[in-house]
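Worksheet for the structure shown next.
Indexing begins at 1, ligand by ligand and atom by atom, following the structure's order. Computed from a predicted model, the values in this text were never measured in an experiment. Side chains are part of it too, since the values below use all heavy atoms of this structure and drop only hydrogens, waters and symmetry mates.
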Amino acid sequence: MAKKVTKAVIPAAGFGTRFLPVTKSVCKEMLPIVDKPTIQYIVEEAVAAGIKDILIVTGKNKKILEDYFDSAPELESLLEQDKKEDLLRLCRSTEGMANIHYVRQSHATGFADAIMLAKTFTGDDPFAILLGDDIIYTPNDVRPGIGQLVDCFEETGNPTVAVMEVPDADIPKYANIKGESIGKNRYAIEKIVEKPAVKDKFSNRAVIGRYVVDSDIYDVIRSTPPSRSGEVYFTDALGLLAKQNRLVGCVFEGKRYDAGNKQEYLEANIEYALRSKELGDSMRSYILNLSKTLEEKK
Ligand code: G1P
């Protein structure tokens, strides 16, 4: 039986160039969706899935992440003095969410290399990987995205990746899989390729940034040949697992947003605002009025 998954790794060393110029000085993980930074949604997803030990792989310009999940004594005592209990609670809410650890990736050497830095943290334990650009919304009665993968990993004993159907136009954005159905929402993956052209796709099933792997992933990455650019692709390492019939795809339930893309980032803001207790009603009437105005102007 597979070991329980209690650890997660969040690679967060990227430059966020798709959001320049703001990412010159604010890291992309701190861009808010309504009132919380995107990284908080990722941490909350892991915590809701029962994962309490989290390693964030940071890089240049990312100290702000450590501050965010830490205490803020000066601000807290000011709020305490002013008896602003609600604000104080909000301020403290990010502090003990999880046991968050950090390691720094000194060079922009990619996803697989970021994972290699997690070895001391994970030891021999299996672990989840959550990419910060993928935000997965699940209603309260549905297991969080990464939780669904953990279940699949624990059931099948095999490394698991999140899978989503995409239209042809989006094929070149994601890793793409060839696989056979092995029951509801599960595929045995035979082949996986990073961002193919539409003509080279295996299927319309794309891999989204959620993974659960064993600690042997480190050896697998080490034995993966580098791509032409010299970078070892994490997807190629997964390809070696697929060759050994050890990779499973899990079609997850929930709505996924690409928060690294301006259009979907804005859509996420609108939809999370509509779901919010505080803003839901007023946003709804604002949007209805706006769409009426837009219709009239057509
Ligand atoms: C990464 C992975 C890719 C995966 C995607 C999911 O790409 O390399 O295999 O499909 O995340 O969002 P990126 O979007 O970082 O270029």
Side-chain angles (χ1 to χ4, degrees), residues 8-20 23 27-29 31 33 38-39 41-42 45 56-59 62 105 108-116 118 128-137 145-146 148-149 159-179 187 189 191-198 200-213 217 220-221 224 226-242 247-252 254-265 267-268:
V9 176
I10 304 177
F15 290 122
T17 47
R18 287 192 284 178
F19 274 90
L20 275 170
T23 43
C27 68
K28 66 172 175 174
E29 292 78 12
L31 297 180
I33 294 181
T38 55
I39 188 111
Y41 289 86
I42 307 292
E45 181 186 332
I56 303 183
V57 182
T58 66
K62 307 280 175 157
Q105 189 177 17
T109 38
F111 179 13
D113 191 57
I115 297 305
M116 290 306 287
I129 301 170
L130 298 96
L131 297 189
D133 283 346
D134 295 287
I135 306 287
I136 299 179
Y137 166 78
I146 195 65
Q148 298 175 41
L149 263 74
T160 301
V161 301
V163 166
M164 181 175 101
E165 286 282 331
V166 296
D168 273 0
D170 288 344
I171 293 286
K173 292 189 194 165
Y174 305 109
N176 188 269
I177 64 156
K178 176 177 177 3
Y187 287 90
I189 299 180
K191 284 186 178 172
I192 178 168
V193 61
E194 180 72 355
K195 302 186 180 130
V198 179
D200 300 323
K201 70 175 184 181
F202 292 129
S203 68
N204 281 70
R205 284 180 283 278
V207 174
I208 296 311
R210 297 289 183 274
Y211 314 79
V212 179
V213 293
I217 192 70
V220 177
I221 292 175
T224 304
S227 66
R228 257 191 251 152
S229 69
E231 179 181 333
V232 171
Y233 285 134
F234 187 69
T235 297
D236 289 344
L238 296 176
L240 295 186
L241 293 175
L247 190 66
V248 174
C250 166
V251 183
F252 59 94
K255 171 145 193 194
R256 176 261 183 190
Y257 303 88
D258 177 2
N261 159 299
K262 285 180 201 167
Q263 169 79 23
E264 281 196 40
Y265 170 75
E267 288 174 8

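Here the protein heavy atom with the shortest distance to atom 4 (C) of ligand 1 is Val207 O, 3.4 Å. Among protein heavy atoms, atom 1 (C) of ligand 1 sits closest to Leu131 CD1, 3.8 Å. For atom 2 (C) of ligand 1, the nearest protein heavy atom (residue, atom name, distance) is Glu194 OE2, 3.7 Å. The protein heavy atom nearest to atom 12 (O) of ligand 1 is Asp134 OD2, 3.0 Å.
Here CD of Glu165 is found 12.0 Å from CG of Asp170. Values are rounded to the nearest 0.5 Å. The CD1 atom of Ile33 sits 11.5 Å away from the CD atom of Glu267 when rounded to the nearest 0.5 Å.
Close contacts of ligand 1 with Thr235, meaning ligand atoms under 4.0 Å from a residue heavy atom, involve 9 (O).
With a 4.5 Å cut-off on side-chain heavy atoms, Ile129 and Ile115 count as touching.
Ring geometry for Phe234 versus Phe111: interplanar angle of 30 to 60°, hence tilted.
For atom 9 (O) of ligand 1, a protein heavy-atom neighbour is found at a distance under 4.0 Å.
Not a single heavy atom of Ala206 sits under 4.0 Å from any atom of ligand 1.
Remark: Arg210 is not positioned above the aromatic ring of Phe252, lacking an NZ or CZ atom under 6.0 angstrom from the ring centre and at most 45 degrees off the axis.
The nearest non-hydrogen atom to atom 14 (O) of ligand 1, considering only Arg256, Arg210, Lys195, comes from Lys195.
In the displayed structure, Lys178 atom NZ is contacted under 6.0 Å by at most 12 heavy atoms of other residues, nucleotides or ligands.
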